[in-house]
Each structure stands twice: as C-alpha cells, then as structure tokens.
Amino acid sequence: MQPFTVKAIKIIQNIPSGKVMTYGQIAKLAGSPRGARQVVRILHSLSEKHQLPWHRVVNGKGEIGFKNDLSFNLQRELLEKEEIYVSSKGILDLQEYLYDPLYHHS
DNA sequence: TTGGTGACGGGGC
DNA sequence: CGCCCCGCCACCA
C-alpha cells in the first residue's frame, strides 16, 4: 500500500462529524497536491474495509460529486443527520463546514 | 505494456 | 452561472 493511500485514509478517518473536507485538500495533505482523483479511488474501493466517513468528502466547490441519484441522496441524508445543511442541488457552505486539520485555535 | 477510466481541479469564455 | 478543455495519476482489463 502506497504511503499516500495510508495517509489519505488516516486523514479521512479524522474528519469530525459535522465537518467536511475536499478531495483536493486531502490529496495535498497526504503528499500529492494533484492527487484528487486518487482520493476518489480510495473512497470508492476502501470505504467499507476501513469504515471511512466517505460522506464527509465533497468537491472543491462544496458540492456532492455523485451524479447517481441513489448515492447522491444517501450522502445528502448522512450529512444532514450531522446538522450539515445541503441544498437540493447538493451544495453546502464550505466556509461553515470545511475542516482544516492544520488549523488550531490560539 | 498500453490505453481507458473517474465521487477532481483550475483556467478560459 | 454553466461549459468545455486539459492536466493529473493509480488502477485494471
């Protein structure tokens, strides 16, 4: 397993409930600034095995990425359960919900 | 080995 | 805002 994959998994596992991270942000923190698509791959193939909170990952514009209705609706439901408001078009407010593991209060 | 494939991202219009 | 193009990169048939 590549170090990138290991790091990305840890990062995803540490996203707190009620917050989201973007594919690109995770890729960058895991050491591959242009590896957003690899994050997609990881979520797709390893979410179950590693019990990843896959629903807390959205694209850089703050939208649910799925085109597929079933997956789209499921992700929206899971986010709203965590008090994250998602519009019917799948858009949420990154200013409010984005999690930055490198940011610390005072 | 090679070419197709994305739950992406940035830039241009 | 919406579209389109292009670069990206590990995986797999």
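Numbered from 1 within each chain, the chains take letters A, B, ... in sequence-line order. Remember, predicted model here, so these are calculated numbers, not experimental data. Computation of the quantities below employed the complete heavy-atom set of this structure, encompassing side-chain atoms and omitting hydrogens, waters and symmetry-equivalent molecules.
Shortest non-hydrogen contact noted between A:Phe4 and A:Ile42 is CE2-CD1, 4.0 Å.
The cluster map of Ile, Leu, Val, Met, Phe, Trp and Tyr, joined by side-chain heavy atoms under 4.5 Å apart, puts A:Tyr97 and A:Ile91 in different clusters.
Counting non-hydrogen atoms under 4.0 angstrom, A:Gly24 reaches the backbone sugars and phosphates but no base. Nucleic acid contact for A:Arg37: base, since at least one base atom lies under 4.0 Å from a heavy atom of the residue.
Residues that satisfy the side chain to side chain contact (heavy atoms under 4.5 Å, CB included) test with A:Glu80, not counting sequence neighbours, are A:Arg76, A:Tyr85, A:Val86.
Side-chain atoms of A:Glu82 and A:His55 include a donor-acceptor pair closer than 3.5 Å.
In this structure, A:Gln38 atom CD and B:dA7 atom C1' are separated by 13 Å, rounded to whole Å. Distance A:Ile15 CD1 to B:dA7 P: 18 Å, rounded to the nearest Å. For the pair A:Lys61 NZ and B:dA7 C1', the computed distance is 13 Å after rounding to whole Å. The CH2 atom of A:Trp54 sits 17 Å away from the C1' atom of B:dG6 (whole-angstrom rounding). Counting to the nearest Å, the P atom of B:dT5 and the NZ atom of A:Lys67 are 15 Å from each other. Rounded to a whole Å, the OH atom of A:Tyr23 is 17 Å from the C1' atom of B:dG10. Straight-line distance from the CG atom of A:Leu74 to the P atom of B:dA7: 15 Å, rounded to whole Å. Between the C1' atom of B:dG6 and the CD1 atom of A:Ile42 lies a distance of 14 Å, rounded to the nearest Å.
With hydrogens and angles ignored, the 3.5 Å screen pairs a side-chain donor or acceptor of A:Arg56 with a backbone N or O of A:Ile15.
Atom CD of A:Glu48 sits about 12.0 Å away from atom CH2 of A:Trp54, to the nearest 0.5 Å.
Extent of DNA chain C lying under 4.0 Å from chain A heavy atoms, first and last nucleotide in 5' to 3' order, is C:dG7 to C:dC11.
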